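Indexing begins at 1, ligand by ligand and atom by atom, following the structure's order. Nothing here was measured: the structure is a model prediction, and the numbers come from that model.
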Amino acid sequence: MATNQSTTSADYTSFPFATNRNNITDDYEISPEALGVGINGKVLKCKHRRTGQKCALKIIKDSIKARQEVILHKKACENCQYIVQVLDVYENKFRSQRCILIVMECMEGGELFNRIQQRNDNPYTERDAARYILMIVQAVNHLHKMDIAHRDLKPENLLLTNQSNDAILKLGDFGFAKEGHNEPLPLTSPLFTPYYVAPEILYHNRYDKACDIWSMGVIMYILLCGYPPFFSEGGHTISSRMKNKIKTGDYQFPDAEWRNISSEAKSTIQRMLTVDPVQRITIDGILTSSWLTELTSDRAINMNALQDVETRQQLEAAVASATDDQRRIDDDLDIEISGPEASRIAKRAAKRKQQMAVDNEEHQ
Ligand SMILES: Nc1ncnc2c1ncn2[C@@H]1O[C@H](COP(=O)(O)OP(=O)(O)OP(=O)(O)O)[C@@H](O)[C@H]1O
């Protein structure tokens, strides 16, 4: 049976900033509309009663890990416009369960990949992809300079301020973030999302800043062609064949989609998807790479394959369990999820739970 090997170097038992102990509903009107849901909880729309500011509210059960998330997120977002801002933190009880409530700026543009899928009117180009990557790189640069690894870089955690084409992209979800180096992966927790997992995690359960670079390489690859460099065939979450490909860095740039992409972009991806984390390009190397510093091509990229990244695997099973999952979400914390995103959110929650089950099984 696997054990939790993680050690905590910093003390996250108490907050190094003032939290609110009064009931959040004194200050915020909470909407039943969900903006999203993840493994740790749901994110709801809310509005500040006095100022009318629209915000996002994430509710998580109180624990050291939850406190670590909030402390690192708050620390990371200070002085960085590419990280979702934490506006307020509450400690409240729901049905005698202690919860932490994180009020964040509301990222009204939603998740990056959904936005790219929706911009049918406007061609999406390599230059657009470079603009997005630069914002991600700047967020990660800020974190790495503070000796924080995010460890969960994936499209669901990359959110846009609004629906316009010049919206700012920001990084959120510090649920797996860690200060310091080389923490062993807690084996009982599925800390990785298959598409984005770095080889060293599969090899050694070592999980530090270099894994953020790998995950950014995967995101950059998808942003330039619409599909991931590593994926499983036959509906598995992560097959052993896919694991082997990640471990050996075995991926291609198929000519059909990559013919028109610059050689600078491909070479940057190759340096990010370098299997040995010691040889892998660092954040400083990416920031000075010619692909980001020089003007890139404005030739349109066909992103028709992008929806497959979300739906390729286990969609049928997710749809089948969505009804049950929706009910479980609705029961939890007495909040009824509604809004246009509700069904997509329920499907994703079902898919994530399946992923967790598979990953847990494999680790035991
Ligand atoms: N500030 C925000 N504004 C708008 N939507 C948000 C915001 N924060 C989170 N979301 C939405 O809620 C989803 C879940 O949030 P988050 O990733 O923080 O939760 P989680 O439980 O830690 O997720 P995960 O399963 O990825 O670990 C996001 O993918 C996003 O769609």
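- Checked against the 6.0 Å centroid criterion, the rings of Trp214 and Tyr221 do not qualify as a close aromatic pair.
- In Met107, the parts holding a heavy atom less than 4.0 Å from any atom of ligand 1 are both the side chain and the backbone.
- At a heavy-atom cutoff of 4.0 Å, ligand 1 is contacted by the side chain of Lys154 but not by its backbone.
- For the salt bridge (Lys or Arg N to Asp or Glu O under 4.0 Å) with Glu108, the lone residue among Lys170, Lys54, Lys45 that qualifies is Lys54.
- The atoms of ligand 1 that sit less than 4.0 Å from any heavy atom of Val84 are 1 (N).
- Residue Glu111 has at least one heavy-atom neighbour below 4.0 Å for each of these atoms of ligand 1: 28 (C), 29 (O), 30 (C), 31 (O).
- For the pair Lys245 and Tyr251, the cation-pi test (distance below 6.0 Å, angle within 45°) is failed.
- For atom 9 (C) of ligand 1, the nearest non-hydrogen atom from the set Thr161, Val43, Leu57 comes from Val43.
- Considering Gln85, Glu108, Glu105, Lys58 only, the shortest heavy-atom separation from atom 22 (O) of ligand 1 involves Lys58.
- Short contacts between ligand 1 and Ala56, defined as distances under 4.0 Å to a heavy atom of the residue, involve ligand atoms 1 (N), 2 (C), 3 (N).
- Residues that satisfy the salt bridge (charged side-chain N to carboxylate O under 4.0 Å, His left out) test with Glu257, not counting sequence neighbours, are absent from this structure.
- Listed by atom number, the atoms of ligand 1 under 4.0 Å from Asn157 heavy atoms are 17 (O), 26 (O).
- For the pair Lys247 and Tyr203, the cation-pi test (distance below 6.0 Å, angle within 45°) is passed.
- Each of Thr19, Thr13, Asp62 was checked for a side-chain hydrogen bond (donor to acceptor under 3.5 Å, both in side chains) with Arg67, and the lone residue meeting it is Asp62.
- The salt bridge (charged side-chain N to carboxylate O under 4.0 Å, His left out) test applied to Arg49 returns Glu29, not counting sequence neighbours.
- Contact annotation: Glu69 has no heavy atom less than 4.0 Å from any atom of ligand 1.
- Among Asn114, Asp173, Leu159, Leu160, the residue whose heavy atom lies nearest to atom 8 (N) of ligand 1 is Leu159.
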